[in-house]
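Okay, structure first, notes after.
Proteins get letters first, then strands, A, B, ... in listed order; numbering begins at 1 in each.
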Amino acid sequence: MTTPTSNGGAVRVRFCPSPTGSPHVGFARAALYNWAFARHHGGTFVFRVEDTDKERSTEESYDGMLGAMRWLGLDWDEGPEVGGPHAPYRQSERTELYADVLEKLAASSYTYDCFCTTDEVTARRKAAGSKVQGYDGFCRDLSAEQRSAFEAEGRSSVVRFRMPDGAVTWHDLVRGEVTFETEFVPDFALCRANGDPLYTLVNPVDDALMQITHVLRGEDLLSSTPRQIPLHQALVDLGFSQQVPQFGHLPLVMGEGNKKLSKRDPQAHLFMYRDAGFLPEGVLNYLALLGWAIAADRDVFTLEEMVEKFDISDVNPNPARFDLKKAEAINADHMRMLSVDELTHRVLPHLKEAGVVGDPVHDADAQLLELAMPLVAERMNKLTEAAPMLGFLFADEESFERQELVDDAGRDVVRAARDALAAIEHWSTAEIEAVLRQTLVDELGLKPRLAFGPVRIAVSGRKISPPLFESMELLGRDRSLARLDGALVEEPA
RNA sequence: GCCCCGUUCGUCUAGUGGCCCAGGACGCUGGCCUCUCACGCCGGAAGCACGGGUUCGAAUCCCGUACGGGGUACCA
């Protein structure tokens, strides 16, 4: 069990993407785990935007992040648009806060000014034959004379955090005990020479200021943790916070070729799944499976069930490959969990998009859709599949086109079907089936498959369609007969 | 290179010393159902990286090797 807050207080977690590019599946998975953890513990879910990199952050991306969260249905208690006691929640609007922290850190010698260039550092490392990369602490204890000499040269400086000696150890919520010797963790820069704060400062500072108790993030940030823990301890010492948060590092989501799924990979983009007709609950369920299992023999569940069962200590530490086939299968299960009404509601935008129905929808089409959906509900794996499946029911005779044509042998079948159908008294599924079976199967002696195949093509235009007799009932006598006639007129390819 | 993390069927996982000659799911595959396609149902092939320990007993604990991944910025 994990309820552990070191201060015995309420759980506060955060999700803090940087608005660069479009949201990807790793983003969604990290958001989901944080959200589920917060909800499971009845805690607070904070949404923060890390837009300190002015070069790469865009407003478009910011909108995408919020849109993604909303589409997924992961609601936040504090953050953009909802506010909260620690507002603002965009780092670009918090610069004074960071300046204040920086000042106090410097006053207590937790930091120092560094005048070195990157080239100088690497040259020194090389000359010393050091295996360790990164800053060597050259400016740690500059005298006043040395400082003024550098300044006289016109050098600019960055602020560096003074890493303590020894080792940093923490109990990772996912991995257990992790230790880094600080000799391998160089003093790091907290802000640029121009004073702009960096992630290295801003991320822990906001976690401290926002009283975050648990930091759940990707494994790619594991090696920044030994830097953040001493910084957090300094912030506690200076009274900015009461505790160092607990950390848990989630397995990365890998793409093809076993590399971390990058924004370059089309499979990585969350909205691709939305546009392809995935359900948010399907995507979420699949993503949850990448590193976590609700039970030994189950992998389809609702968000509510996940909230009830989610335990961060059950998360599997190894990286997981994203498998589209399984994602589709899980999504398909969620499609079938929806009521027909709900499914209809979700399918509608895709039908409009495909031009199957108008926007707004005519009453007649809405009624037809209500009758047609039960026929295809359990046949769909994605919302976008509705349009090709149902299109023939909504198409008028002018715009209707067959994807397949009836062959010569089939034409006789269609002709026989047409004549028999024309004599039906009550146009209903049962009657249609009875008549067709009698004339085609009993009288002509055809196998059902061969008997109904040509009729199916004539009516729906496809070899594969929703159930034939029901479809014909919905289409009505006149249009059904017109379709049969139409198929006889068309020239076989 | 160095540091850190990881390693159960093709893939995602269950498994925390005996219940495991390893369970589920996707995919693959044989069959049933059937007006097509799906759904559903029944069956099959497929895995504890390797080597040493510890133990009466190891997929499970320890060490090493190999392999994979992440990091190594005045990005996040």
Could you state the atom-to-atom distance from [atom1] of [X] to [atom2] of [N] in whole Å?
X	N	atom1	atom2	answer
A:Leu289	B:rG27	CG	P	13 Å
A:Ile330	B:rU13	CD1	C1'	11 Å
A:His334	B:rC26	NE2	C1'	14 Å
A:Asn316	B:rU60	CG	C1'	14 Å
A:Arg298	B:rC12	CZ	C1'	16 Å
A:Trp292	B:rG24	CH2	C1'	15 Å
A:Lys131	B:rC3	NZ	P	6 Å
A:Leu324	B:rC26	CG	C1'	11 Å

In B/S/- notation (B base, S sugar-phosphate only, - none; protein heavy atoms under 4.0 Å), nucleotides 61-76 of chain B written 5' to 3' is -------SBSSS-BBB
Nucleotide by nucleotide, 5' to 3', does protein get under 4.0 Å of the base (B), only the sugar-phosphate (S), or neither (-) in nucleotides 32-51 of chain B, counting heavy atoms? ---BBBBS------------
Paired with [N] by Watson-Crick or G-U wobble geometry, both distances under 3.5 Å: which nucleotide is it?
N	value
B:rC2	B:rG71
B:rC41	B:rG31
B:rU55	none
B:rG10	B:rC26
B:rC19	none

Between A:Thr302 and A:His334, do the side chains contain a donor N or O and an acceptor N or O under 3.5 Å apart?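 A:Thr302 and A:His334 do not have a side-chain donor-acceptor pair below 3.5 Å.
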Might you work through the salt bridge (charged side-chain N to carboxylate O under 4.0 Å, His left out) test for A:Arg155 and A:Glu120, ending with a clear yes or no? CA-CA 13 Å; A:Arg155 286 183 183 241; A:Glu120 288 169 341; 2.6 Å; yes
Between [N] and [M], how far apart are the two [atom1] atoms, rounded to whole Å?
N	M	atom1	value
B:rU13	B:rG6	P	14 Å
B:rC75	B:rG71	C1'	13 Å
B:rU16	B:rU8	C1'	14 Å
B:rC33	B:rA14	P	38 Å
B:rU55	B:rU60	P	16 Å
B:rC26	B:rG47	C1'	15 Å
B:rU7	B:rC12	C1'	15 Å
B:rC37	B:rC32	P	13 Å

So, A:Phe452 versus A:Phe469, ring centres under 6.0 angstrom or not?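 Yes, they do, as the ring centres are separated by less than 6.0 Å.
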Does the gap between the ring centers of A:Phe278 and A:Tyr286 come in under 6.0 Å?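 A:Phe278 vs A:Tyr286: aromatic centres not under 6.0 Å.
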Acceptor/donor pairs from residues 289-300 of chain A side chains to any protein atom, 3.5 angstrom cut, sequence neighbours excluded:
residue	atom	partner	partner atom	Å
A:Arg298	NE	A:Val300	O	3.4
A:Arg298	NH2	A:Val300	O	3.2
A:Arg298	NH2	A:Glu305	OE1	3.1
A:Arg298	NH2	A:Glu305	OE2	2.9
A:Asp299	OD2	A:Lys326	NZ	3.1

Is there any protein nitrogen or oxygen under 3.5 Å from a nitrogen or oxygen in nucleotides 21-23 of chain B, and what are the pairs?
residue	atom	partner	partner atom	Å
B:rG23	N2	A:Ala296	O	2.9

A:Lys325 near the nucleic acid: base, sugar-phosphate alone, or nothing, with a heavy-atom cut-off under 4.0 Å?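 Here A:Lys325 touches the backbone only, sparing every base.
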Sugar-phosphate only, base, or nothing, as touched by A:Gly218 at under 4.0 Å among non-hydrogen atoms: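 Nothing, no nucleic acid heavy atom in range.
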Report yes or no: is the cationic atom of [X] (NZ for Lys, CZ for Arg) closer than 6.0 Å to the six-membered ring centre of [Y], at no more than 45° off its axis?
X	Y	answer
A:Arg147	A:Phe115	no
A:Arg160	A:Tyr135	yes
A:Arg124	A:Phe138	yes
A:Arg48	A:Phe15	no

Listed nucleotide nearest any side-chain atom of A:Asp323, set B:rC5, B:rC26, B:rC2: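 Of B:rC5, B:rC26, B:rC2, B:rC26 is nearest to the side chain of A:Asp323.
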Could you tell me whether A:Arg90 and A:Glu59 make a salt bridge, using a distance below 4.0 angstrom between a side-chain N and a carboxylate O?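 Salt bridge flag = yes for A:Glu59 with A:Arg90.
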Charged N to carboxylate O under 4.0 angstrom, A:Arg94 versus A:Asp206?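 A salt bridge links A:Arg94 with A:Asp206.
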Show me the donor-acceptor pairs, under 3.5 Å and distance only, between side chains in residues 315-325 of chain A and residues at least two apart or in other chains.
residue	atom	partner	partner atom	Å
A:Asn316	OD1	A:Asn318	N	3.1
A:Arg321	NH1	A:Asn258	OD1	2.3
A:Asp323	OD1	A:Lys325	N	3.3

Could you give all pairs that pass the salt bridge (Lys or Arg N to Asp or Glu O under 4.0 Å) test and reach residues 178-192 of chain A, with sequence neighbours left out?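 Passing the test, one end in residues 178-192 of chain A: A:Arg140-A:Asp187.
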